[in-house]
Amino acid sequence: MDSAIKPTPIPTEEEDPPNQTTALLSFNTDSSSTPPSKPTTTTLLLIFLFITTCVSLFAAIGFAFLFFSSAKSQSPSNQTSEPIAQFARPLTKLNHPVVLLISSDGFRFGYQFKTPTPNIGRLIDNGTEAERGLIPVFPTLTFPNHYSIVTGLYPAHHGIVNNYFVDPHTGETFYMGSHDPKWWLGEPLWETVVNHGLKAATYFWPGSEVNKGSWTCPLNFCRHYNGSVPFEERVDTVLQYFDLPSSEIPVFMTLYFEDPDQQGHHVGADDPEITEAVARIDRMIGRLIEGLEKRGVFEDVNIIMVGDHGMVGTCDKKLIILDDLAPWIEIPQNWVYSYSPLLAIRPPPGFSPSDVAMKMNEGLKSGKIENGKYLKVYLKEELPSRLHYMASDRIPPIIGLLEEGFKVEQKRLKKKECGGAHGYDNAIFSMRSIFIGHGPQFARGRKVPSFENVQIYNLVTSSGVPMSKSIVLVEATCSYLVIYELEYTMLDIIYRGFAEW
Ligand SMILES: *[C@@H]1O[C@H](CO)[C@@H](O)[C@H](O)[C@H]1NC(C)=O
Ligand SMILES: *[C@@H]1O[C@H](CO)[C@@H](O)[C@H](O)[C@H]1NC(C)=O
Ligand SMILES: *[C@@H]1O[C@H](CO)[C@@H](O)[C@H](O)[C@H]1NC(C)=O
Ligand SMILES: [Zn+2]
């Protein structure tokens with residue numbers, strides 16, 4: 001009855017999802033995933049990764065990670081001929097490796113050039129950066145992407161296919177405040193960590209309040225989302241974890257900031273307000289660095305700074321109105337599960353989705369619909385496979401792809417016209433965010449090609465490939481973009497269940 005709800009974190013029937021538990025996963029306690037110990041393992045792993053990650057453009061990051069493979073951690077076997085310790089810098093103060101994963105929501109790639117960002121700059125200068133940004137997954141929305149980052153799975157496989165969706169089997173609605181584990185498939189990093197007897201701490205992250213496996217969102221190490229908590233307080237709390245006795249310091253921590261996404265929605269991607277929001281995030285990174293330095297652990301902590309998606313301006317009446325399609329087919333509001341940038345339609349029983357999609361496309365292509373050519377409607381099975389957006393019943397049968405900056409609305413309304421949005425095709429360049437890694441496992445001053453954020457799970461949990469060896473991959477051309485006119489805080493949105501956040 002409910003194939004969509006089956007917890008299938010690693011679907012094997014599909015060609016596309018990256019394997020969450022590749023042989024690189026090298027937790028001390030996990031002997032079952034020990035890779036073969038041959039002298040050529042390094043090469044094999046590279047090839048293996050290349051294959052398992054399919055079309056994703058992962059980088060020459062080296063996957064030389066992280067906390068389970070540091071100089072002080074024990075390798076579960078003689079898995080590579082070149083031990084990690086040769087390139088991981090030794091820890092000086094901490095007794096075990098620590099990964100701190102930071103998300104700055106909606107930090108579009110390029111924002112770092114809008115204003116001086118000296119602190120982020122320090123991470124970049126002495127760390128490893130995706131030179132042309134981190135590629136989000138489709139749809140380029142907050143919840144799908146944050147959960148892909150921590151599970152290594154595409155949304156169809158981790159279950160959070162939108163910020164807001166309906167389970168067709170039960171009729172139940174997922175919204176951003178839904179913490180029932182049945183929605184959240186896959187295994188997020190904090191669960192992986194505690195399943196291995198280690199400590200994790202989350203200062204906000206979509207999905208972190210959900211009990212899964214051994215993860216019970218413990219009081220001290222798991223903050224319940226409250227968008228009003230000042231950023232400074234978040235940083236200071238994370239810093240205090242480093243004051244704990246060394247055995248108590250979590251090996252994995254998350255830290256989340258709502259900015260600059262909030263401003264981006266409000267004013268678009270090119271407004272001075274964005275510049276200020278970016279500068280503020282930079283000051284938070286500065287506060288963090290300073291606090292870590294004061295404790296003598298800055299060089300010991302693996303800091304990974306990412307964003308979940310980019311942002312694009314939506315102005316100039318770039319609208320497609322569904323009611324305009326009435327001469328071809330009427331699309332009532334209650335068929336539409338989300339409008340834009342992700343148009344998702346589930347016609348009721350009795351209507352054939354392929355017939356509906358065909359008639360919509362006829363209308364859109366007729367030349368008689370305003371901006372019709374900027375929207376293309378697909379049966380989800382017919383979406384470009386690079387979007388990996390098919391294999392879940394939670395995804396409605398009809399999906400529309402919009403050109404950068406366009407929006408779909410039911411009817412013409414007098415609304416605020418300009419703002420910013422995201423959610424578009426992840427090949428659109430403005431949807432890209434940032435990736436910066438700094439710490440003992442990251443080469444200093446290194447640039448790597450863009451890669452998809454589903455690689456981060458592997459990056460954190462895998463050991464094995466020396467950073468000095470890089471793989472040269474041809475980067476796919478990525479060209480596109482998004483926007484919104486939200487005037488709500490994240491808390492508002494969580495409780496109202498806006499699909500577009
Ligand atoms: C790893 O290497 C050490 C020393 O060379 C050896 O004693 C040990 O048996 C090896 N372990 C495995 C799992 O092969
Ligand atoms: C990079 O690291 C080196 C060695 O720790 C340090 O001397 C230098 O100041 C750092 N550079 C920046 C920009 O922080
Ligand atoms: C959210 O955080 C603010 C600021 O710290 C605080 O005043 C408020 O009580 C918190 N709300 C809840 C529901 O905990
Ligand atoms: Zn976001």
Side-chain angles (χ1 to χ4, degrees), residues 89-90 92-93 103-108 111 116-129 134 136-137 139-149 155 160 162-163 176-177 203-206 209 219 223-237 256-266 269 277 281 285-286 288-290 292-293 296-301 303 306-312 341-342 420-424 426 430-434 436 438-440 442-446 453 482-484 486 488-495 498-501:
R89 298 186 291 278
T92 59
K93 180 102 186 266
S103 166
S104 171
D105 204 300
F107 198 116
R108 169 175 160 171
Y111 278 176
T117 48
N119 299 297
I120 295 171
R122 282 188 68 183
L123 300 182
I124 293 172
D125 289 350
N126 265 343
T128 297
E129 182 193 24
L134 180 65
V137 295
T140 52
L141 296 167
T142 298
F143 270 54
N145 272 278
H146 274 100
Y147 206 52
S148 283
I149 290 168
I160 309 303
N162 199 333
N163 290 335
M176 289 185 276
Y203 210 122
F204 304 161
W205 200 278
E209 291 161 72
L219 203 57
R223 299 292 158 146
H224 290 264
Y225 183 71
N226 175 354
S228 306
V229 177
F231 292 174
E232 289 82 357
E233 189 178 325
R234 307 179 193 189
V235 170
D236 294 350
T237 303
Y256 171 79
F257 303 116
E258 289 82 355
D259 291 351
D261 184 77
Q262 303 188 108
Q263 295 79 5
H265 282 295
H266 199 61
I281 292 297
I285 299 299
L288 177 73
I289 293 174
E290 190 187 335
L292 293 173
E293 281 181 326
V297 296
F298 175 50
E299 290 294 338
D300 278 2
V301 178
I303 296 174
V306 298
D308 51 346
H309 51 71
M311 184 70 69
V312 69
L342 181 66
H422 54 86
Y424 298 93
N426 64 339
S430 59
M431 294 299 101
R432 281 199 196 176
S433 190
I434 53 165
I436 305 160
H438 182 284
F442 289 98
R444 293 190 194 274
R446 179 162 189 195
N453 65 18
V482 187
I483 296 224
Y484 266 78
L486 292 188
Y488 313 100
T489 67
M490 181 163 175
L491 211 56
D492 286 328
I493 292 162
I494 282 183
Y495 290 114
F498 280 87
E500 57 269 27
W501 202 69

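Note that ligands are numbered from 1 as they come in the structure, with each ligand's atoms numbered from 1 the same way.
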- Query: Got an N, O or S from Thr142 under 2.8 Å of the Zn ion (ligand 4)?
  - Reply: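 True for Thr142.
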Check: [Y] and [X] side chains under 4.5 Å, non-hydrogen atoms:
X: Tyr111; Y: Ile281; value: no
X: Leu292; Y: Ile303; value: yes
X: Glu293; Y: Ile289; value: yes
X: His265; Y: Met311; value: yes
X: Asn453; Y: Val306; value: no

- Between Glu233 and Arg223, is there a salt bridge with N-O shorter than 4.0 Å? no
- Could you check whether the rings of Phe298 and His438 sit parallel, tilted or perpendicular, using 30° and 60° as the cut-offs?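 Ring orientation of Phe298 relative to His438: parallel.
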- Message: If I apply the N/O under 3.5 Å rule, does Ser228 come out as touching ligand 3?
- Response: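 N/O-N/O distance under 3.5 Å: no.
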- Between NE2 of His309 and OD1 of Asp105, what angle is found at the Zn ion (ligand 4), rounded to 10 degrees?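 That angle works out to 110° after rounding to 10°.
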- For ligand 2, what are the residues with a heavy-atom contact below 4.0 Å? Arg122, Asn126, Glu299, Arg444
- Excluding sequence neighbours, so at least two apart, what forms side-chain hydrogen bond (donor to acceptor under 3.5 Å, both in side chains) with Asp125?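 None.
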- Message: Need the atom name: nearest N/O/S atom of Asp308 to the Zn ion (ligand 4).
- Response: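 This residue's closest N, O or S atom turns out to be OD2.
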